[in-house]
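These notes concern the structure reproduced below.
Below, chain A is the first sequence line, B the second, and so on; all start at residue 1. Given the structure is predicted, the values throughout are model-derived calculations rather than measurements.
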Amino acid sequence: MAAEVRILYFGAAQEATGKSDETIVAGDTASVRNQLISRYPALKQIPFRMALNRTLLKGESELQKSDIIAIMPPFQGG
Amino acid sequence: MAAEVRILYFGAAQEATGKSDETIVAGDTASVRNQLISRYPALKQIPFRMALNRTLLKGESELQKSDIIAIMPPFQGG
Amino acid sequence: MKNRYLVGGPITPILISELMTLGNDDAGAGAVSIFIGRVRDDETDGKRVTAIEYSAYEEMAVKEAEEVITTVKSAFSDVRSVIIVHSLGVVKAGEASLFIMVTSGHRDHATRACRHALEMIKERLPVWKKELY
Amino acid sequence: MKNRYLVGGPITPILISELMTLGNDDAGAGAVSIFIGRVRDDETDGKRVTAIEYSAYEEMAVKEAEEVITTVKSAFSDVRSVIIVHSLGVVKAGEASLFIMVTSGHRDHATRACRHALEMIKERLPVWKKELY
């Protein structure tokens with residue numbers, strides 16, 4: 001089942017997409033990844049990871065309405 | 001040659017000898033150690049090291065007039 | 001401060017002094033280990049960094065900071081308190097952008113836990129930076 | 001302060017703030033690692049420690065502190081400054097008696113050099129204590 005999910009862009013992913021957030025429709029996280037890379041080719045240059053509802057994603061996951069997915073380039077804190 | 005040397009007592013060695021410093025006559029550091037232990041039996045209970053002129057003594061050393069020997073129980077700084 | 005873990009702008013000397021008083025009423029804490037990360041005036045491609053602008057996924061950063069504290073406390077049993085603060089927004093060269101303080105009974109766990117927290121923060125805190133010239 | 005390395009009484013929060021400003025003008029120092037040793041209110045034989053009275057072989061303590069700094073700087077090449085201060089006289093439970101601060105370009109040498117300095121101080125500084133109850 002496809003669901004409306006919220007996408008948040010951080011760091012270099014904001015510059016690659018030109019936005020800080022948007023809503024898309026996807027059934028799982030693999031679909032999110034594919035859609036974003038095809039929509040924003042510049043994202044391919046960024047080794048981003050995804051967080052699903054504030055937790056770093058390991059592998060892929062099904063999505064539900066209102067899930068929040070963060071597109072996160074390598075961390076640079078400290 | 002025996003020389004007049006200054007002895008400084010620190011920490012528990014002050015309590016064991018009842019003094020903070022004195023002058024004795026000795027030819028080398030082994031003689032200092034033997035004199036002090038025989039004069040102050042309580043010093044036997046303290047695993048003290050000696051410094052000669054502000055440097056920790058390794059082995060024994062001859063002494064010259066005005067040398068300063070510190071009687072130092074285990075360090076407790078920090 | 002935006003919350004316990006994130007502050008807008010630099011971590012000023014005054015804020016550091018305030019954070020350092022937090023452990024002062026615990027007379028069982030014989031050891032305090034502190035790490036302060038500061039913005040360096042590095043030169044890249046002939047340009048000198050004058051400031052860094054930090055951004056974060058704030059909600060996740062808070063959760064991760066809390067997990068770092070929980071992990072450090074359980075890994076180092078002598079630890080009594082852990083404070084973590086990271087800057088958001090612009091921090092000029094020479095100013096502090098990260099503050100970590102760990103108190104413990106004795107020195108070994110304070111120093112090791114502080115270093116461990118630092119490595120976990122580098123690895124896990126969702127924070128990004130942009131150099132300003 | 002009696003000299004750069006020894007201070008009469010506790011190392012107060014004000015003195016700590018002053019010492020911490022010493023590295024502030026070096027914008028290449030991206031990392032600051034600090035250790036503060038404090039008097040614990042330990043209980044021994046049913047009596048609680050209220051203070052510790054520190055004494056030292058002052059002339060040798062100064063020489064040893066200088067040697068610690070020289071050793072740490074040569075062992076950790078990224079280190080930019082090292083400050084060591086130890087208390088003499090009475091320091092109450094909860095008050096600080098040792099302050100070490102190391103600045104370096106990056107975090108690794110600051111944290112390791114600070115710990116190394118701490119271990120050397122414990123091993124080499126001719127300081128003694130007397131618990132007061």
Among residues 106-133 of chain C, residues within the sub-4.5 Å heavy-atom range of chain D, in order of number, are His106(C), Arg107(C), Asp108(C), Thr111(C), Arg112(C), Arg115(C), Leu118(C), Glu119(C), Lys122(C)
If one checks every heavy atom of Ile100(D) against chain C at 4.5 Å, the contacting part turns out to be neither
Bottom line for Ala96(C): the part with an atom under 4.5 Å from chain D's heavy atoms is neither
Minimal heavy-atom distance between Arg38(D) and Asp26(C), with the atoms involved, is NH2-O, 2.7 Å
dist Glu95(C):CD -> Asn24(D):CG (nearest 0.5 Å) comes out at 9.5 Å
Does atom CZ of Arg4(D) have more than 12 heavy-atom neighbours from other groups under 6.0 Å away? no
query = Does NZ belonging to Lys63(C) count more than 12 external heavy atoms closer than 6.0 Å?
reply = yes
Just by modelled atom types, is the Gly105(C) backbone N or O under 3.5 Å from a matching donor or acceptor in the Arg40(D) side chain? yes
Highest number of heavy-atom pairs under 4.5 Å with chain D among Ala93(C), Ser17(C), Pro13(C), Gly28(C) belongs to Gly28(C)
Smallest heavy-atom separation, Ile36(C) atom then Met20(D) atom, equals CD1-CE, 3.6 Å
